[in-house]
Amino acid sequence: MAILHRDVHLDGAPPSAPAFPSDHSSASALTRRSLLRGGAALAAATLSSLPPVARAAGRVPFGAAMQSDLMQSDPAYRQAFLDHCDLILPMNELKWDALRPSREEFSFWGADQIIDLARANGRRSRGHCFVWWNALPDWVEAIDTGLEAERVLVDHIEQVAGRYAGTLTSWDVANEVIANDPTGEPMRDTFWMRRLGIDHIAIAFRAAAAADPHARLVLNDYDLEFTGPEHDAKRAVMMDLVRRLQDHNLRVDAVGLQGHLYAEQRVDVDAVAAFGRELQRLGVGLLVTELDVIDWKIRGGPAEQDAAAGRVIGDLMDAVFAAQRPEAVITWGITDRYTWIPDAMPRPDGTPSRPLPLDARLRPKPWFERLQRRLRTAL
Ligand code: G3I
């Protein structure tokens with residue numbers, strides 16, 4: 001039974017409107033061919049009915065993701081965000097594993113520390129994330145029916161988005177729902193996909209729109225930036241998801257390019273620009289949500305690492321700005337002192353990674369100064 005339009009109050013009969021198929025066949029239905037065929041038809045149907053993306057005036061906000069434990073333990077880290085950021089968001093504190101120790105409990109302390117710091121200092125904040133394959137507590141993974149999974153998902157979004165309603169600029173409603181290599185199965189095999197099928201994305205967007213009508217709703221993913229068939233496919237799947245959600249009267253305000261940039265790879269400037277222009281035609285904005293540079297394959301030292309970082313970041317900015325003004329550019333942390341990257345992809349020679357705007361001694365990198373100038377003078 002199609003459950004895309006299942007009323008978020010769970011007892012509503014599904015409307016007669018057509019919906020995503022709600023079983024795994026939907027994943028195969030999202031083949032590349034249907035993406036292109038369906039997308040073109042839907043695009044034509046929706047082009048004229050959507051307002052253009054509003055072009056904000058003034059500079060493009062720069063932001064960074066903060067960790068609450070570090071904010072407490074490292075005052076210089078905390079101050080660096082206040083020195084450089086227009087927007088400060090919780091990196092992990094709004095994820096299920098941080099928020100929900102049990103089904104009965106919500107633990108907002110960590111998120112509140114960061115969001116309150118931002119607001120007390122006249123900065124913006126945003127939420128990350130509701131639907132994700134990772135960071136799910138065991139009690140969620142133990143849910144074994146679609147009805148219960150939907151009930152828990154909708155309740156979570158209502159409680160969390162409702163708590164911060166009107167204070168966050170946007171939410172990553174769904175994060176990394178596309179397969180790593182979508183040239184085969186386009187959708188990632190996740191708990192939410194297994195319990196609810198592809199409709200879980202629509203359920204989340206509908207619940208978020210109801211719980212916080214002020215926040216912009218974002219579909220967030222990685223590897224949308226590079227050259228290659230798997231990246232072309234990922235951009236195509238993302239575009240199809242946006243169109244299908246819109247086709248079912250759901251508001252998708254923006255796509256988040258995470259921007260975890262491999263320094264040895266090439267950003268596909270033309271393809272990303274075309275992707276961003278297509279989104280703009282659909283009335284959908286762009287953010288860069290988790291910018292950092294993975295430099296494990298860059299030989300040499302800091303000068304070579306920073307030069308390579310400057311290249312890929314510059315290319316990404318060229319691509320994004322060629323399409324539309326980004327709503328924000330956000331890095332995933334602010335200093336090389338604390339980053340996920342060396343744990344996941346350490347440099348073979350054991351030297352420090354240099355992924356973020358400030359080095360381990362909190363000194364701005366040359367590429368960061370260029371980026372800040374570009375964001376401040378954006379037309
Ligand atoms: O806070 C607890 C601490 O109390 C506990 O003692 C410790 C040891 O278990 O874990 C701490 O939580 C960790 C958390 O980071 C804060 O440090 C989690 O175990 C750890 O899994 C978590 O890793 C984060 C990861 O997402 C998973 O949530 C990384 O910091 C974070 O950078 C990474 O961010 C993701 C984005 O959300 C999505 N895009 C990719 C990106 C990089 O993987």
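The first residue of the sequence shown is numbered 1, and numbering continues consecutively from there. As the structure is a prediction and not an experimental result, all values here were calculated from the model. Order of appearance sets the numbers: ligands from 1, and atoms from 1 within every ligand.
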Residue list, side-chain hydrogen bond (donor to acceptor under 3.5 Å, both in side chains) with R374, at least two apart or on another chain: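 R374: side-chain hydrogen bond (donor to acceptor under 3.5 Å, both in side chains) contacts with D318.
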Check ion pair K297-D295 (N to O, under 4.0 angstrom):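 Salt bridge flag = no for D295 with K297.
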Contact residues of ligand 1, where a non-hydrogen atom lies under 4.0 Å away: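 Residue list for ligand 1: Q67, M91, N92, K95, H128, W132, N134, N175, E176, Q258, H260, E290, W332, W340.
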Summary of ring pair (Phe, Tyr, Trp, His ring centres under 6.0 Å) pairs that have at least one residue in residues 351-379, sequence neighbours excluded: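 Ring pair (Phe, Tyr, Trp, His ring centres under 6.0 Å) check on residues 351-379 returns F62-F368, H84-F368.
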Enclosure of D343 CG (heavy-atom neighbours >12, cutoff 6.0 Å):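 Check passes, neighbour count above 12.
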Partner residues of R299 under the salt bridge (charged side-chain N to carboxylate O under 4.0 Å, His left out) criterion, sequence neighbours left out: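 Once residues adjacent in sequence are excluded, R299 has no partner under the salt bridge (charged side-chain N to carboxylate O under 4.0 Å, His left out) criterion.
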Any side-chain heavy-atom pair of Y222 and N180 under 4.5 Å: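 Yes, their side chains come closer than 4.5 Å.
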